[in-house]
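All values below were derived from every heavy atom in this structure, side-chain atoms included, with hydrogens, water molecules and symmetry-related copies excluded. Every number for a ligand or one of its atoms is a count from 1 in the order of the listing.
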Amino acid sequence: MRNVTKVIYGEYLNHCLGKDELVPTEQSCEDWFNIGLTLIDSLDTLLLMDLKEEYDKSREWAAENLSFKGIGKTVSMFEIVIRALGGLNSAYDLTDDDLWRDKAVELGDILVLWFNATDTGCPPASVYLGEMKDKKMIEDSKRRGTGGLSNPAEVGTLQLEFRTLSRISGDPKYRQAVDRCEDMLVKEAMSSSDGLLTDAINLRDGKQKGRRLTIAGRVDSFYELLVKTWIAYGKTDSNYRKSFERAVKSIFSLLTKNEGGHLYVGEMSRGHRNSFRRVMDHLSCFFPGNLALAALHGLGGGVHGNGRQDYMPMARGLTESCYAMTRWNEVGLAGESTRFGDARVKPIPYQDVNFIRPEIVEALYYMDAIDPQAGKKYKEWGENMWISHRKYSQVEGKMDGLMSTTNNLHGGVGELVHEGKLHSFAIAETFKYFFMLFDERNMEQSSFPLYKWVFNTEAHPVKVTSG
Ligand code: DMJ
């Protein structure tokens with residue numbers, strides 16, 4: 001695991017230092033935000049794996065070159081916050097190196113202005129990253145109403161990063177901005193009959209739009225962050241906890257089914273039970289780990305709870321189904337979206353692509369750390385998944401360990417197509433969760449005991465504080 005990370009990050013440093021992401025098949029690079037995204041997103045993984053030479057090279061580059069003021073580009077608020085701000089905050093917490101805090105403040109100072117760009121106090125999905133000499137840009141944006149539509153995941157996943165920035169900088173403005181927005185969103189969820197949010201939010205009035213209920217992309221990390229924020233701040237935000245418990249109840253009763261021997265979370269149109277779709281996305285596999293984490297902190301019957309509404313039995317069943325998403329053919333890689341309903345699960349057409357996403361191994365990591373019935377099971381499943389990545393995510397003809405997106409999983413061995421960039425979350429999350437899963441120490445002795453740290457949605461560790 002460490003060796004593969006060394007190879008892949010080494011290739012990034014050799015070919016793409018300062019660029020956002022590596023294209024492993026061509027040894028070329030792609031830019032998205034123009035900030036050296038893979039470097040920032042990888043810092044705490046390098047520290048965790050003790051890849052010192054790689055970390056030192058990265059720090060050297062950042063000290064000389066990293067600047068957010070000169071970018072002059074529109075970027076996704078959600079992505080830059082969870083990956084870059086989250087990465088810088090954690091690098092500071094793990095090293096006490098002022099460089100990372102100063103860079104986090106520089107980025108945060110630009111981003112925080114965008115909380116003023118809408119009537120609700122929530123930032124638009126896309127924001128301008130660069131030097132904003134005056135507030136005119138924000139005011140223009142507000143007047144034009146460009147905040148428009150966003151979604152619960154993009155709006156509701158910013159708490160940990162902005163609150164952490166307030167803690168490490170001593171300036172409360174980041175926390176004040178994010179709290180106003182998040183309180184509004186939690187209120188909106190609690191005012192729904194089912195405690196859920198649809199996959200669209202109007203930033204002018206803070207109301208949800210449409211009817212689609214899902215725990216997959218566009219909504220996923222809103223639920224994830226409810227419980228993580230409650231834990232990270234000394235369990236003082238009881239509205240977050242209540243909102244999480246309420247939402248989980250409805251996810252169990254409306255969206256979860258047990259069919260063909262598999263427990264899974266599908267999606268539906270609110271108020272129309274017969275619109276239920278028997279699909280579960282790779283992204284939705286954040287949920288079992290999240291339930292286990294909640295149980296570790298006493299919710300849903302705690303870790304020993306065994307009742308029908310308790311979290312651990314559901315977490316176990318869902319983890320098995322997430323693992324089953326990888327075992328549907330001889331390749332052993334999950335697709336983006338899997339059809340459930342029968343005993344045999346498989347990716348839905350055109351979704352048979354694997355981006356080396358983290359969510360399934362993330363579930364295995366949490367279950368291995370938390371489930372009292374774990375034994376070696378989750379580690380063994382993780383080993384099988386890792387063997388599949390080593391064999392089939394490996395780019396043909398390139399150095400051992402170099403992996404990329406794998407397409408055409410339906411074709412099976414011999415028909416696989418390697419293409420595309422290596423998403424920065426592969427090192428930030430996927431390899432980190434594999435590494436932590438394979439750690440033989442128990443949770444209390446591990447690098448990030450789950451009573452003392454929570455991971456943001458991009459797997460950047462955040463210290464638990466008292467509030
Ligand atoms: C990551 O950037 C984060 O985990 C996010 O919450 C969802 N998508 C990717 C990984 O799949």
Worksheet item: Does a salt bridge link Lys379 with Glu383, judged by any charged N lying under 4.0 Å from a carboxylate O?
Response: no
Worksheet entry | Protein residue, atom and distance nearest to atom 9 (C) of ligand 1, heavy-atom basis | Phe425 CD2, 3.7 Å
Worksheet item: For ligand 1, is there an N or O atom under 3.5 Å from any N or O atom of Asp220?
Response: no
Discussion item. Could you identify the single nearest non-hydrogen protein atom to atom 6 (O) of ligand 1 and state the distance to 0.1 Å?
Written reply: Thr457 OG1, 2.7 Å
Fill in: Heavy-atom gap Arg83 to ligand 1 smaller than 4.0 Å
yes
Worksheet item: Considering only the protein, which heavy-atom contact is closest to atom 10 (C) of ligand 1, and what is its distance?
Response: Glu359 OE2, 3.3 Å
Practice prompt. Evaluate the side-chain proximity of Pro124 to Met77: yes if any heavy-atom separation is below 4.5 Å, no if none is.
Written response: no
Worksheet item: Has Glu224 got any heavy atom lying under 4.0 angstrom from an atom of ligand 1?
Response: no
Discussion item. So that I can tick it off, tell me whether Asp50 and Arg2 are bridged by a salt bridge, with the cut-off set at under 4.0 angstrom between side-chain N and carboxylate O.
Written reply: no
Worksheet item: If you measure from each non-hydrogen atom of Ile82 to ligand 1, which part falls under 4.0 Å: side chain, backbone, both or neither?
Response: side chain
Response to the item:
If you scan protein heavy atoms around atom 2 (O) of ligand 1, the nearest is Glu458 OE1, 2.6 Å
Fill in: Side-chain ion pair, Lys228 and Glu224, N-O less than 4.0 Å
yes
Discussion item. Taking disulfide (SG to SG under 2.5 Å) as the cut-off, I'd like each qualifying pair that reaches into residues 212-241, sequence neighbours left out, listed once.
Written reply: none
Worksheet item: When you check the gap from the basic side-chain N to the acidic O, do Lys432 and Glu429 get nearer than 4.0 Å?
Response: no
Worksheet item: What atoms of ligand 1 come closer than 4.0 angstrom to any heavy atom of Leu283?
Response: 7 (C), 8 (N), 11 (O)
Discussion item. One residue to check: Pro358. Relative to ligand 1, which of side chain, backbone, both or neither has a non-hydrogen atom less than 4.0 Å away?
Written reply: side chain
Ignoring hydrogens and angles, write down the donor-acceptor pairs under 3.5 Å from the side chains of residues 212-222, residues two or more places apart or on other chains.
unit_1, atom_1, unit_2, atom_2, d
Arg212, NE, Glu267, OE2, 3.0
Arg212, NH1, Asp199, OD2, 2.8
Arg212, NH2, Glu267, OE1, 3.1
Arg212, NH2, Glu267, OE2, 3.4
Thr214, OG1, Ala216, N, 2.9
Thr214, OG1, Glu267, OE1, 3.4
Arg218, NE, Asp199, O, 3.4
Ser221, OG, Thr157, OG1, 3.0

